[in-house]
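Computation of the quantities below employed the complete heavy-atom set of this structure, encompassing side-chain atoms and omitting hydrogens, waters and symmetry-equivalent molecules. So that the names make sense, note that chain A is the first sequence line, chain B the second, and so on, each numbered from 1.
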Amino acid sequence: MRFTIYQESRQGGRANNEDRTSYCYSRDALLMVIADGMGGHHHGEIAAQIAVQTLADSFQREAKPSLADPFRFLQKAMNNAHHAILDYSSRRRMKDSPRTTCVACLVQDNVAYWAHAGDSRLFLMRNGRVVAQTKDHSRVRLLLEEGMITEAQAAVHPDRNKIFSCLGSPTPPEIEFSRKTPLAHGDVVLLCTDGLWGVTSGELMAVSLKGANLLQAIPMLLTQAETKGGPHGDNLSAVAVRWEEAYVDEASSAISTQTMALNEVTTRLEEFGRNPAYKSDLSDDEIERAIEEIRSTIEKYTPNK
Amino acid sequence: MAQQANQALPNGHPLEEYVIDRQLSLGGFSIVYLAKGADGKQVAIKEYLPNSLALRTDGQVMPIISAEHLGAFRYGMKCFFEEGRALARLSHPNVIRVLNFFRANETVYMVMEYEHGRTLQEFIQKHQGHISERFIRGVFTRMLNGLREVHSHKLLHLDLKPSNIYLRADNTPVLIDFGAARQTLSTDQPMLKPMYTPGFASPEHYGSRKDLGPWSDIYSVGASMYACLAGSAPQAADERLKKDSLTPAMIRWDGQFSDRLLEIIDWCLNLNHLYRPQSVFALQKALVETVTPPQSKSSPHWLNRFVDKFKKAEK
Ligand SMILES: Nc1ncnc2c1ncn2[C@@H]1O[C@H](COP(=O)(O)OP(=O)(O)O)[C@@H](O)[C@H]1O
Ligand SMILES: [Mg+2]
């Protein structure tokens, strides 16, 4: 694996920072996580901390050096984080459990896998364009999808912070998975909280990250966003990686084994006729009955006969 | 072991109320004929005749079934009945219509509407590597209408592949060959182990099969779309489980087709069934990408599920 990575979190205009970020990697796998603790529920930063910690711990335990099933890993780790938050709040007899959004991305064998709950986002950027991104689990996104509001209205909508999936709430989170996404050389994967994407569009960020050194470009983006966010601006965080390898085809011999000519494809009658388990003493009567049944079904389902 | 091929019934041979016109295909499990009904209408008749178990030599009508093979022959007949049962209940423009079912010559026959056209496999072979995105989206979207109907009857096709997708002259697709179709929710009888085709069968086909579901047919749909682009079948799922050397569509045809289509193909071809589209509807939705028109009223049920996130509140 070859990549450059950078993470940073800023307080913005808030009294405390409830965002948490983390990344870790083994020889063959990389994990990035961002969580945005929910302020309305007390101790959002605790929920965010537990989420990021749980994912990182799971990764350290299981990535030896790669993960058997990346999606399953994400599913398990995010669910464990959810339960860890609930356990924490019940141990402390908290009236209301702390909650957090979470987006996590794994890269292994030059393939990216990600999962999210809530409105923290992942953008995959290629050649200065956004080629994939997560869909927020938010009310405004649903309204947008249904065509009830426009992008411009969404940006200032009073409900823009309402989300319907998160870790730590009494109802289990809806975790959404990406597709298995091969990475190309130079691809940038950016995870960020709404403090950043809320004031700078993904398209704009993709343009400014094109070919740029992330170690300089990300702090610049954050500074710009912080300025735009103003004196009361939200916490803002980002983890970004530039992938310096590409998903490459295995040796060309792999192709020849996979390209069986279509006309050579045969239906395999699996053990049929040879395996003694596949025998039946279907009697003549049973045959007659089966045929009768099929014929009457045909009758029944044939329109106007 | 070389096997003697079965002989088809001769042209002009009367069979119940039909007369055989000619043989359309000869497979390992059955022979399909073009025939004419008493009303002069053309039909396709599928004769159950598994090559390894029943032998019809030249000039014979009755196949020879040895006592040793009778049990297996009857077992296969059960599968053939499953096909008849499955199709009898389906009445949909994108699913082949079965018209009759009868017993003759020691075996059984299924009569279907005859469709003029060719299979998608023949089409792919003719247009090697030159199939347009529009064609693929058009054929598969409509084919999926048929598959939705199949699934809505709690049935799985389980042998979807280009040679089982028939294209009428106007390129509307028809699903044929329900020889592997199984009822998903029949608990009263053990599931008959269906056949499968390497390259198009899902990973679940190879395992204990308890994970078979709509997503298994969806894998085969993805493999069929992949075959449209590649001109040949993708690497078989059992081999992929050992060592996955299938180049994702996103990589192999980058820039030649829309990212969206390539992404959908890779989505369907996920080895883990949980990460494929879970229903035909979800897949169709992605494939047609219609912009949902504005709705006048919002549904209140999901509104209740929102939790407030008063993050912007000042402390
Ligand atoms: N209703 C039909 N109309 C026209 N051709 C058909 C019809 N049914 C089958 N065929 C032809 O016969 C071939 C084999 O039929 P199929 O049902 O797939 O049986 P098999 O089990 O042998 O694969 C098809 O590929 C197609 O060319
Ligand atoms: Mg067939």
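A:R179 places none of its side-chain heavy atoms less than 4.5 Å from the side chain of B:D266. Between A:V131 and B:E263 there is no side-chain heavy-atom pair separated by less than 4.5 Å. At a threshold of 4.5 Å between non-hydrogen side-chain atoms, the residues A:I287 and B:R74 count as touching.
Between B:F101 and A:I291, the shortest heavy-atom distance links the atoms O-CG2, 3.8 Å.
Contact annotation for A:N235: neither backbone nor side-chain heavy atoms come within less than 4.5 Å of a heavy atom of chain B. Both the backbone and the side chain of A:F71 come within contact range of chain B, each with at least one heavy atom under 4.5 Å from a heavy atom of that chain. Only the side chain of A:Q75 has a heavy atom closer than 4.5 Å to any heavy atom of chain B. Only the side chain of B:R97 comes within contact range of chain A, with at least one heavy atom under 4.5 Å from a heavy atom of that chain. Heavy atoms of B:N272 lying under 4.5 Å from chain A belong exclusively to its side chain. Within the 4.5 angstrom heavy-atom criterion, no atom of B:L262 approaches chain A. In this structure, chain B has a heavy atom under 4.5 Å from the backbone of A:S283, while its side chain stays farther away.
Atom CG of residue A:D284 and atom CZ of residue B:R103 lie 4.5 Å apart, to the nearest 0.5 angstrom. Going from atom CD of A:E299 over to atom CG of B:N100 covers 9.0 Å, rounded to the nearest 0.5 Å. Distance check: B:L269 CG to A:K180 NZ gives 9.5 Å after rounding to the nearest 0.5 Å. Rounding to the nearest 0.5 Å places CE of B:M250 at 6.0 Å from OG1 of A:T181.
For A:R126 and B:D259, the salt-bridge test fails: no basic side-chain N is under 4.0 Å from an acidic carboxylate O.
For the pair B:Y275 (side chain) and A:R72 (backbone), a donor-acceptor distance under 3.5 Å is present. Listed for the B:R89 side chain is no donor-acceptor partner under 3.5 Å among the backbone atoms of A:Y301.
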